Amino acid sequence: MKGIIGVAYHKNYCFSYQDSFFYPLHVGASLSKENLNYLKDNEGENISSKNKNFCELTGIYWMWKNVKADFYGMMHYRRYLILKNDKWIEKNFNKFIERSFYINRLINIFFYTDLFQTISSDKLFIQKELKYFSEHLSELMEKNDVILPKKIKLETSVYKHYKKFHIIKHLDLLMEVIKEDYSYLYKYVEKYIKKSRYMYSTNMFIMKKEIFFEYCEFLFDVLFKLESKIMIPNDVYQTRVFGFLSERLMLPFINYLKYEKKIKIKELHVLFCDLN
């Protein structure tokens, strides 16, 4: 199978990995003063100039419009999906049980993330893990339609969490757009946003072509429509509005595919590169 996993870089970093599946991708290249020697999201049909507001989505858009493959993926220069064996799961099982029954609810501030994330500052180890993952990727994609990171758990509903950390009007308007133009998806979005405490963060995934294209058609359509309805915040953090909102759309979109199209999904651990 032919596939591409774009690894989003917005600046120089001391580590990169490339093979027949992994391709470092300079996102926001049209705005950057650095000339990274990678694929660039400002070539061909692109929205590279929107990177401050769309984050890694400019790289996802570039792959959608410019690359032909059987499957597509997005990872980050410091975060990768990896395979973990049963021994790793057994080793961390006690930690999981301890977290599940810990009396002090403040422990939820970690949302179990560290149970499903490996942190490493060893370049050789990181390279070995990515090579191993790449060697098994075709087999994984033959058995599954979508690969995602483990869900994270929020301390409250997705809606309340967004209201606490971002501009809730943006999410309200986005839901209105989806209700009007994607009524078949809205029931999944509304239920998820209002009631769920879980989310797929970081916009990391691997999807078969037909799913990836359906996702991109939906995602960019609703975000571009929302873009015409709001004022982009000046705040350096909140200006990443469409990147934040897209993270909240992944799980309801996956639920729609799971229940309506019976797709096969696999969740994997994340490797975080803690390098200087």
Side-chain angles (χ1 to χ4, degrees), residues 5 8 54-57 59-61 64 71-76 79-81 108-117 140-141 144-168 170-179 181-208 210-223 226 240-270:
I5 298 174
F54 281 76
C55 308
E56 63 277 339
L57 298 186
I60 293 171
Y61 185 94
W64 176 36
F71 60 84
Y72 299 76
M74 173 57 65
M75 298 188 194
H76 296 268
R79 291 182 177 87
Y80 298 85
L81 296 175
N108 278 336
I109 195 171
F110 297 105
F111 313 139
Y112 299 103
T113 302
D114 62 331
L115 299 178
F116 308 121
Q117 178 173 269
L140 277 172
M141 294 310 297
N144 300 282
D145 298 302
V146 178
I147 297 175
L148 295 159
K150 297 284 186 179
K151 300 182 194 72
I152 64 170
K153 185 178 181 181
L154 307 175
E155 76 276 12
T156 185
S157 71
V158 173
Y159 188 85
K160 290 179 180 178
H161 183 269
Y162 199 89
K163 185 176 183 179
K164 181 177 179 180
F165 293 101
H166 306 291
I167 301 171
I168 196 60
H170 295 162
L171 181 56
D172 288 334
L173 287 172
L174 178 62
M175 291 178 69
E176 288 180 14
V177 171
I178 296 170
K179 185 176 183 179
D181 296 340
Y182 292 88
S183 56
Y184 64 95
L185 266 170
Y186 181 72
K187 63 180 180 180
Y188 292 98
V189 174
E190 182 184 36
K191 181 179 179 180
Y192 166 73
I193 295 294
K194 298 294 187 180
K195 297 182 179 180
S196 179
R197 295 175 59 192
Y198 291 88
M199 65 178 286
Y200 290 119
S201 65
T202 70
N203 284 316
M204 290 172 60
F205 62 83
I206 306 173
M207 299 177 180
K208 285 184 175 175
E210 60 274 14
I211 294 172
F212 177 69
F213 273 54
E214 182 178 359
Y215 177 61
C216 287
E217 286 163 5
F218 160 69
L219 178 67
F220 290 106
D221 184 45
V222 297
L223 292 184
L226 178 66
R240 296 154 58 186
V241 50
F242 302 110
F244 294 138
L245 288 170
S246 64
E247 290 181 291
R248 276 74 184 178
L249 292 181
M250 178 65 81
L251 199 149
F253 183 80
I254 292 298
N255 284 343
Y256 150 71
L257 293 173
K258 183 166 61 175
Y259 294 114
E260 301 289 339
K261 301 190 177 184
K262 312 301 180 185
I263 67 166
K264 294 181 180 178
I265 304 159
K266 187 173 184 63
E267 295 183 357
L268 296 179
H269 298 82
V270 173

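Values reported hereafter were calculated over all heavy atoms of this structure, with side chains retained and with hydrogens, waters and symmetry mates removed. Remember, predicted model here, so these are calculated numbers, not experimental data.
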Counterpart residues, side chain to side chain donor-acceptor pair (under 3.5 Å), relative to His166 (two or more places apart): Gln238
Could you pull out all residues at least two apart from Asp221 that satisfy side chain to side chain donor-acceptor pair (under 3.5 Å)? Tyr182, Lys225
Using atom types as modelled and distance alone, determine if a side-chain donor or acceptor of Tyr192 lies under 3.5 Å from a backbone N or O of Tyr198. yes
Approximate separation, where rounding is to 0.5 Å, of Leu219 CG and Phe212 CZ: 9.5 Å
Which pair of heavy atoms, one from Pro149 and one from Ser201, lies closest together, and at what distance? CG-O, 4.1 Å
Any Tyr72 side-chain heavy atom under 4.5 Å of Ile206 side chain: no
If you count every heavy atom of other residues, nucleotides or ligands that lies below 6.0 Å from Lys150 atom NZ, does the total exceed 12? yes
With Glu210, which residues qualify under side-chain contact (heavy atoms from CB on, under 4.5 Å), at least two apart? Lys208
Suppose the criterion is salt bridge (Lys or Arg N to Asp or Glu O under 4.0 Å): which pairs have a residue in residues 254-264, not counting sequence neighbours? Lys187-Glu260, Glu214-Lys261
Using the ring of each side chain (for Trp, its six-membered ring), is Phe213 parallel, tilted or perpendicular to Trp64, with breaks at 30° and 60°? perpendicular
Looking at Leu154, is its backbone amide N or carbonyl O close enough to the side chain of Arg197 to form a donor-acceptor pair, meaning the two atoms are under 3.5 Å apart? yes
Identify the two heavy atoms, one from Met204 and one from Leu148, that lie closest to each other, and give their separation to 0.1 Å. O-CD2, 3.7 Å
Set of salt bridge (charged side-chain N to carboxylate O under 4.0 Å, His left out) partners for Glu217, sequence neighbours left out: none
With Lys160, which residues qualify under side-chain contact (heavy atoms from CB on, under 4.5 Å), at least two apart? Thr156, Ser157
Restricting to ring pair (Phe, Tyr, Trp, His ring centres under 6.0 Å), what partner residues turn up for Tyr256, sequence neighbours left out? Tyr184, Phe253
Name all residues meeting the side chain to side chain donor-acceptor pair (under 3.5 Å) criterion together with Tyr215; count only those two or more places apart in sequence or in a different chain, and write none if there are none. none
Would you be so kind as to tabulate the donor-acceptor pairs closer than 3.5 Å made by side chains of residues 240-251, with sequence neighbours excluded?
residue	atom	partner	partner atom	Å
Ser246	OG	Asn203	OD1	3.3
Ser246	OG	Asn203	ND2	3.0
Ser246	OG	Phe242	O	3.2
Ser246	OG	Gly243	O	2.7
Glu247	OE2	Thr202	N	2.6
Arg248	NH1	Phe244	O	3.0
Arg248	NH2	His161	ND1	3.4

Side-chain heavy-atom pair Met74, Ile5 within 4.5 angstrom cut-off: no
